[in-house]
Number of protein chains: 2
Amino acid sequence: MDISEVAKASGLPASTLRFYEEKGLIQSNGRSGLRRLFNPDVMDRLALISLGRSAGFSLDEIAAMFTSEGLEINRALLSAKAEDLDKIIKELTSMRDGLRHAAVCKAPNHFECPTFLRLLRIAGKNRSRQPNQLQKNKPGRDGQKP
Amino acid sequence: MDISEVAKASGLPASTLRFYEEKGLIQSNGRSGLRRLFNPDVMDRLALISLGRSAGFSLDEIAAMFTSEGLEINRALLSAKAEDLDKIIKELTSMRDGLRHAAVCKAPNHFECPTFLRLLRIAGKNRSRQPNQLQKNKPGRDGQKP
DNA sequence: ATACAAGTTCAAGTTAACTTGAGGTCAAGG
DNA sequence: CCTTGACCTCAAGTTAACTTGAACTTGTAT
């Protein structure tokens with residue numbers, strides 16, 4: 001596959017694929033002239049990277065999991081991450097419920113609403129987590145220029 | 001309250017509080033000499049900011065919710081965010097389960113495990129989300145220098 | 001044969017959310 | 001009075017994860 005095929009199939013811009021290669025997250029297996037050639041199973045790697053990112057691993061952490069012999073995941077690390085995720089899920093669930101409530105709450109302002117305040121208190125307990133930013137919808141930023 | 005009290009109570013370094021003030025996320029209500037004085041209810045604000053961050057809002061989005069008259073949340077936005085969260089929760093749940101499985105999976109490598117592959121496919125569907133990075137454990141970085 | 005779209009490299013730019021550093025101020029204690 | 005520590009400002013630095021731009025090369029279509 002050439003880079004644009006991989007880009008298309010993965011939804012990632014070519015620049016990201018090059019960047020990932022440079023980081024050692026994926027490999028191209030040879031060139032045709034200058035052009036990288038990718039083995040189709042790079043798609044699995046990319047899926048795995050995507051998974052890892054979604055699960056909160058940094059690219060460096062993911063790279064560390066892909067040791068020399070393909071993929072060799074540290075099982076303890078997986079378990080630990082699963083537990084992290086579980087915690088996050090519980091918090092997000094509280095927040096979702098809190099948000100849903102706040103959206104329909106009749107109190108004159110949210111600080112007078114006991115439900116909302118309870119939510120705040122839950123959120124307050126977990127100050128240790130960094131953002132999980134959602135992608136901004138910058139229009140037309142897909143790696144293809146018009 | 002002076003800034004160090006707020007810092008202590010909130011767990012945030014003073015530099016972050018100043019930064020938040022500059023961004024308009026919190027206000028100090030006056031000075032004693034140079035020093036900022038904070039009204040105790042800044043703590044509620046901070047809790048709300050923490051909540052917002054955890055729920056995936058950027059600081060700018062949060063700032064936009066705190067309109068002139070204290071906090072005046074756009075209810076439609078809240079609902080929308082609740083739905084976003086719900087989606088994220090579902091995905092994270094799949095991932096958590098997938099990770100738990102992978103951690104104990106007997107297959108010689110994860111690509112031969114159908115459960116893991118199913119997980120990959122789930123993760124693959126959701127390439128639009130940015131990381132939710134967990135805080136690195138940099139030791140001794142708490143805003144207090146020795 | 002030549003144009004050109006699609007590759008390539010490498011360095012530098014971007015964004016969010018802070019942090020760090022240099023240099024300055026002030027109130028209280030010795 | 002003078003030192004000290006906690007605070008201040010403002011500019012610049014940091015990190016992750018990419019993106020952009022400039023300048024160059026190449027396979028393919030005309």
Side-chain angles (χ1 to χ4, degrees), chain A residues 1-8 10-26 28 30-38 46 49-50 52-54 56-64 127-146, chain B residues 1-8 10-26 28 30-38 46 49-50 52-54 56-64 127-146:
Chain A
M1 302 172 81
D2 87 357
I3 202 169
S4 63
E5 295 181 85
V6 178
K8 200 162 198 178
S10 68
L12 297 168
S15 64
T16 299
L17 297 173
R18 288 190 208 101
F19 174 71
Y20 281 0
E21 189 185 19
E22 208 180 344
K23 275 236 152 191
L25 287 164
I26 58 177
S28 53
R31 298 283 178 116
S32 141
L34 277 186
R35 310 178 170 213
R36 288 165 179 79
L37 292 179
F38 291 95
L46 289 172
I49 292 166
S50 167
R53 300 274 296 123
S54 301
F57 292 90
S58 72
L59 293 183
D60 284 350
E61 288 175 309
I62 294 169
R127 196 167 294 92
S128 56
R129 192 145 39 72
Q130 296 275 99
N132 51 8
Q133 309 172 213
L134 302 184
Q135 196 123 275
K136 313 288 172 205
N137 49 335
K138 312 184 197 170
R141 290 290 312 97
D142 271 329
Q144 267 75 48
K145 251 168 288 187
Chain B
M1 304 171 82
D2 87 357
I3 201 169
S4 64
E5 295 181 84
V6 178
K8 201 163 197 176
S10 68
L12 297 169
S15 64
T16 300
L17 297 173
R18 288 189 207 101
F19 174 71
Y20 280 1
E21 189 185 19
E22 210 182 341
K23 274 237 154 191
L25 287 163
I26 59 177
S28 52
R31 297 284 177 115
S32 140
L34 277 187
R35 304 174 176 217
R36 289 165 178 79
L37 293 178
F38 291 95
L46 289 172
I49 292 166
S50 167
R53 300 272 297 122
S54 302
F57 292 88
S58 72
L59 293 183
D60 283 350
E61 288 175 309
I62 294 168
R127 196 167 294 95
S128 55
R129 193 145 38 73
Q130 295 278 100
N132 50 7
Q133 307 172 214
L134 302 184
Q135 198 124 272
K136 311 289 173 203
N137 50 334
K138 311 185 197 172
R141 290 288 315 97
D142 272 331
Q144 268 76 46
K145 249 169 289 188

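Below, chains carry the letters A, B, ... as their sequence lines are ordered, and counting in each starts from 1. All values reported here derive from a predicted model rather than from experimental measurement.
Remark: Lys8(A) engages no residue in a side chain to side chain donor-acceptor pair (under 3.5 Å) (not counting sequence neighbours). Partners of Thr16(B) according to the side chain to side chain donor-acceptor pair (under 3.5 Å) rule, which considers only residues two or more places apart in sequence or in another chain, do not exist here. Considering only residues two or more places apart in sequence or on other chains, Ser15(A) meets the side chain to side chain donor-acceptor pair (under 3.5 Å) condition with none of them. Qualifying side chain to side chain donor-acceptor pair (under 3.5 Å) partners for Glu5(A), counting only residues two or more places apart in sequence or in other chains: none. Evaluation of the salt bridge (charged side-chain N to carboxylate O under 4.0 Å, His left out) rule for Asp60(B) yields Lys23(B) as partners, not counting sequence neighbours.
Taking all atoms of both residues into account, the shortest heavy-atom contact from Ile3(A) to Arg18(A) is CD1-CG, 3.7 Å.
One interatomic measurement links the two molecules: CD1 of Ile26(B) to P of dC18(C), which rounds to 11 Å at whole-angstrom precision. Here the C1' atom of nucleotide dC7(D) and the CG atom of Leu17(B) are 13 Å apart, to the nearest Å. Taking atom NZ of residue Lys23(B) and atom C1' of nucleotide dA16(C), one finds them 7 Å apart after rounding to whole Å. Whole-Å rounding puts the Glu61(B) CD to dA16(C) C1' distance at 12 Å. What separates CG of Leu25(A) from C1' of dC18(D) is a distance of 13 Å, to the nearest Å.
Within the structure, a side-chain polar atom (N or O) of Ser15(A) is placed less than 4.0 Å from OP1 or OP2 of dT19(D). When the side-chain nitrogen and oxygen atoms of Arg53(A) are compared with OP1 and OP2 of dA16(D), none of them lie within a distance under 4.0 Å. Listed pair Tyr20(B) / dA17(C) fails the phosphate criterion, with no side-chain N or O lying under 4.0 Å from OP1 or OP2.
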Along nucleotides 4-12 of chain C, 5' to 3', which nucleotides get a B, which get an S, and which get a -, given that the test is a protein heavy-atom distance under 4.0 Å?
--BSBB---
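If you find the closest nucleotide of DNA chain C to Gly33(B) and to Leu59(B), the one lying nearer the 5' end belongs to Leu59(B).
Residue contacts shown for Thr16(B) are limited to sugar-phosphate atoms, with no base heavy atom under 4.0 Å away.
Under the 4.5 Å side-chain criterion, counting only non-hydrogen atoms from C-beta, Leu59(A) is in contact with Tyr20(A).
Comparing dT20(D), dA17(D), dG27(D) by their closest approach to the side chain of Phe19(A) singles out dA17(D).
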